[in-house]
Amino acid sequence: MRGRIFAANLGVIHRRTDQMFFWLLLAQWVFAIALALDEPYGWEGSSRHVHFHLKLAIILGAVINLVPLVLIHQRPGWWVTRHSVAIAQMLWSAMLIMLTNGRIETHFHVFGSLAFLAFYRDWKLLPTATLVVAADHLARGTLWPDSVYGIANPEWWRFLEHASWVVFEDTVLVFGCRRALAEMRIVADRETALATLNRDIEKRVDERTQELRIANQALGREMESRLQAEAELRQAHKLESVGRLAAGVAHEINTPVQFVNDSIHFLRDATTDLLAVVDKLAAGTAAEQATEEFDLDYLRSRIPKAFDRSLDGLERVATIVRSMKEFAHPDSDVRPVDLNAALACTLTIASSEYKYVADVVTAFGELPPVSCLPGAVNQVFLNILVNAAHAIGDVVTGTAQRGTITVTTRAEGDYAVIEISDTGAGIPDAIKPRIYDPFFTTKEVGKGTGQGLAIARSVIDKHQGTIDVASTVGHTTFTLRLPLAGPRLLATAA
C-alpha cells in the first residue's frame, strides 16, 4: 500500500508539473517571437529582408514545442513526456541566449529552467537537461561562439566554466529532489498507517455496528416481550381486582335480589288472595265479607310498594352489572371518555371495599370527553380507590368512626384534573419515594401485591399525564392530570 500511495502522490505532482510546463513552453514561444520582433529585419546594403532571428523564433520555436505539448496533452505524467519537456526547456534556454546574442544575463535562464525541472522531483531529468546544454554550448561555441558568449573568440575554458556551474546546480537539485522524495515516502508511510488505522477503525465500527444491530434486535424482542408481559400483568391485576371485588359485588347484588325475591313471593300470595276474592264475588259472596276475610286494605297498600321495591332492586342489579361490564371492557383503541361517568362506574364497582368504612363525597366538575384507553384509566381509578378504602379501614376498624373518600374533577388549562382524597393514616415520608416501585407494599400478605400504584403510574405516563401525591397524617390526596386533547399514545400502549 505504501508503494501505491507514494506512486499516486508522485503521479499527481508529475501531471501538475506537466500542466505548468505546457503554459510555460507556450509563454516562452510568445516571448521569443516578441524578442525577435525588436529587430524584425536584416540588411545587406540597401536590401532588407526578414531577420533570421524572427524566422528562428517562429519556426524553430514551434518545432521545439510540438512534441512536448502533444505528449503533455495526450500522456500527462509519462516519463517520456517529462524528458521531452526537459529537452524542450533547455532548447528554449539556448534559443533565448541566441536571440540575445549571447548576453550573459540570458544564461541565467539555464539555471532557472533546471530549477523548474526539479519541480518534477525526478533527478533523472537533470542529466538529460545538462547534456542538452552541454551539447548546445559545445556545438555553438565551436561553430558560432558569439551566439553563446557574445564574442567571436572566447577563451577555451569558458565552456568548462559554464559546465561547472551547471554541474554545481545539478548537484544541489539532485540532493533536493532526493530529499523531497524521502519526505514523500515519509508522508506515504504516514498515509499508509492512517489508511490502515482507518481500515481497522472501519472494521471495528462495522463489527460494533453489527453487534449493536444484533443487540438492538435482541433488545427489541426483549422490549416486545416485556411490553407483552406488562400488558398481561395489567390484565392479571385487573382480573385480580375484579376477583377480589367479586365477593363484595355478589353481596351487593344479593341484597336487592333478596328483597326482589321477597316481594315476588308476597305478590304471588297476594295475587292468589285477590283471585279468591274475585271467585267469591263471582259466586255472590258479599263484598264486605270478602274484604274482611282477605284484608283487602292491607293488600291494596302493600302491593304497589312491593312492585316499587322489585323495580328498585332490579335497577340496582342492572346498575352493578353495567358497571362491571364497563369496567371489564377490553381496551382496543383510544376513544373519547366521560371521566365523570367512568369514576361513577368505578365507585360502584369498588363500593364493597369502602361501604362499611367510609363515605364517598363527589364533586364532579364539567369536563369535555377525554381521549384515552378507558379500561386502563378505570384500572387506575380502582387501584387508588381501593388503596384509599384500605387506608381508612386500617384506621377505623374496631371503632364506630367512618372515614371519607372525596373525589373531585375539574378542567385546568389543557388538562383534566382528578383528585382522590382519603382520611386514612397517611403515607410516611420515608416510603413516599418507593410507593410507585413494582411489588412494593405495606399491606399484609394476601391483601396487596404492590402492583396497583406501579401500574397506575405506567398508565398515566403513557397517556402523557402526571400523577402526584400529597400526604400528611390523617389525609392523603392523589392528583391525576390527563391531557384534554388526548395523548399521542405509543403503539404499545394498547
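FYI, the numbering just counts along the sequence from 1. Heavy-atom basis, side chains included; hydrogens, waters and symmetry copies ignored. Everything quoted here is computed from the prediction, not taken from an experiment.
- Considering CG of Leu367 and CD1 of Ile418, their distance stands at 7.0 Å, rounded to 0.5 Å.
- Around the CD atom of Glu183, the shell of radius 6.0 Å holds more than 12 heavy atoms that belong to other residues, nucleotides or ligands.
- Two residues are said to be in side-chain contact when any heavy atoms from C-beta on lie closer than 4.5 Å; Trp123 and Asp170 fail this criterion.
- Here the side chains of Ile435 and Ile427 are in contact, with some heavy-atom distance below 4.5 Å.
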Discussion item. Evaluate Leu181 against Leu10 for side chain to side chain contact (heavy atoms under 4.5 Å, CB included), listing each step before the verdict.
Written reply: CA-CA 9 Å; Leu181 292 175; Leu10 191 59; 3.9 Å; yes
Practice prompt. Assess whether side chain to side chain contact (heavy atoms under 4.5 Å, CB included) is satisfied between Leu482 and Ile460, documenting all intermediate values.
Written response: CA-CA 7 Å; Leu482 294 172; Ile460 296 301; 3.8 Å; yes
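- Here the closest non-hydrogen pair linking Val357 and Ala389 is CG2-O, 3.9 Å.
- Surrounding CZ of Arg410 are more than 12 heavy atoms belonging to other residues, nucleotides or ligands, all under 6.0 Å away.
- Minimum heavy-atom separation, Ile467 to Ala456: CD1-CB, 4.4 Å.
- A pairwise comparison of heavy atoms in Leu117 and Ala129 identifies CD1-CB, 3.7 Å as the closest pair.
- The backbone N or O of Ala342 sits less than 3.5 Å from a side-chain atom of Thr346, completing a donor-acceptor pair.
- Distance alone, capped at 3.5 Å, places no donor-acceptor pair between the Arg121 side chain and the Cys177 backbone.
- Looking at residues two or more places apart in sequence or on another chain, you find a ring pair (Phe, Tyr, Trp, His ring centres under 6.0 Å) between His83 and Trp79.
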Fill in: CA sep, side-chain torsions, deciding dist, call: Glu211, Arg208, salt bridge (Lys or Arg N to Asp or Glu O under 4.0 Å)
CA-CA 5 Å; Glu211 292 175 0; Arg208 185 58 178 163; 3.2 Å; yes
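- Pairing each heavy atom of Leu173 with each of Leu114, the nearest pair is CD1-O, 3.4 Å.
- No side-chain donor-acceptor contact under 3.5 Å links Gln210 and Asp206.
- Side-chain contact between Val370 and His463: absent, with no pair of heavy atoms (C-beta onward) separated by less than 4.5 Å.
- Residues Ser84 and Val67 come closest through the heavy atom pair CB-CG1, 4.3 Å.
- Between the side chains of Thr477 and Glu419, no donor N or O sits under 3.5 Å from an acceptor N or O.
- Residues Val205 and Ile201 have side chains in contact (heavy-atom distance under 4.5 Å, counting atoms from C-beta outward).
- Between Gln28 and Asn65, the closest side-chain pair of non-hydrogen atoms is not below 4.5 Å.
- Between Lys462 and Leu373, every side-chain heavy-atom pair lies at or beyond the 4.5 Å cut-off.
- Within 6.0 Å of atom CZ in Phe111, more than 12 heavy atoms from other residues, nucleotides or ligands are found, so the atom counts as buried in its surroundings.
- Remark: side-chain polar atoms of Thr196 are paired, donor with acceptor, to backbone N or O of Thr192 under 3.5 angstrom.
- Distance check, rounded to the nearest 0.5 Å: CD of Gln89 to CG of Leu125 gives 11.5 Å.
- With a 4.5 Å cut-off on side-chain heavy atoms, Leu385 and Val360 do not count as touching.
- Annotation: the span from Thr404 atom OG1 to Gln401 atom CD amounts to 10.5 Å, rounded to 0.5 Å.
- The CG atom of Leu453 lies 4.5 Å from the CZ atom of Phe478; values are rounded to the nearest 0.5 Å.
- Heavy-atom contacts from other residues, nucleotides or ligands closer than 6.0 Å to CZ of Phe116 number 12 or fewer.
- Within the model, atoms CG of Leu343 and OG1 of Thr408 stand 9.5 Å from one another, a figure rounded to the nearest 0.5 Å.
- Residues Leu347 and Phe381 fail the side-chain proximity criterion, which asks for heavy atoms closer than 4.5 Å.
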Fill in: Val377/Leu480 under side chain to side chain contact (heavy atoms under 4.5 Å, CB included): CA gap, chis, key distance, verdict
CA-CA 10 Å; Val377 172; Leu480 312 177; over 6 Å; no
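- Atom-to-atom distance recorded for Asp189:CG and Met184:CE is 12.0 Å, nearest 0.5 angstrom.
- Annotation: salt bridge (charged side-chain N to carboxylate O under 4.0 Å, His left out) contacts involving residues 363-390, sequence neighbours excluded, are absent.
- Put simply, the side chain of Thr406 never gets that close to the backbone of Ser421: no donor and acceptor are under 3.5 Å apart.
- Sorted by first and then second residue, the pairs that involve residues 11-23 and meet side chain to side chain donor-acceptor pair (under 3.5 Å), not counting sequence neighbours, are His14-Arg82, Asp18-Tyr120.
- Checked by atom type and distance alone, the side chain of Thr81 never pairs as donor or acceptor with a backbone atom of Ile72 at under 3.5 Å.
- Between Val417 and Glu412 the shortest heavy-atom distance is CG2-CB, 3.6 Å.
- A distance-only check finds no donor-acceptor pair linking the side chain of Tyr354 to the backbone of Ile392 [under 3.5 Å].
- The environment of Phe31 atom CZ is sparse: at most 12 non-hydrogen atoms of other residues, nucleotides or ligands sit within 6.0 angstrom.
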Worksheet item: Given the rule in the side chain to side chain contact (heavy atoms under 4.5 Å, CB included) test, do Thr409 and Leu339 qualify, once you have shown the distances and angles that lead to the verdict?
Response: CA-CA 9 Å; Thr409 62; Leu339 292 184; 5.7 Å; no
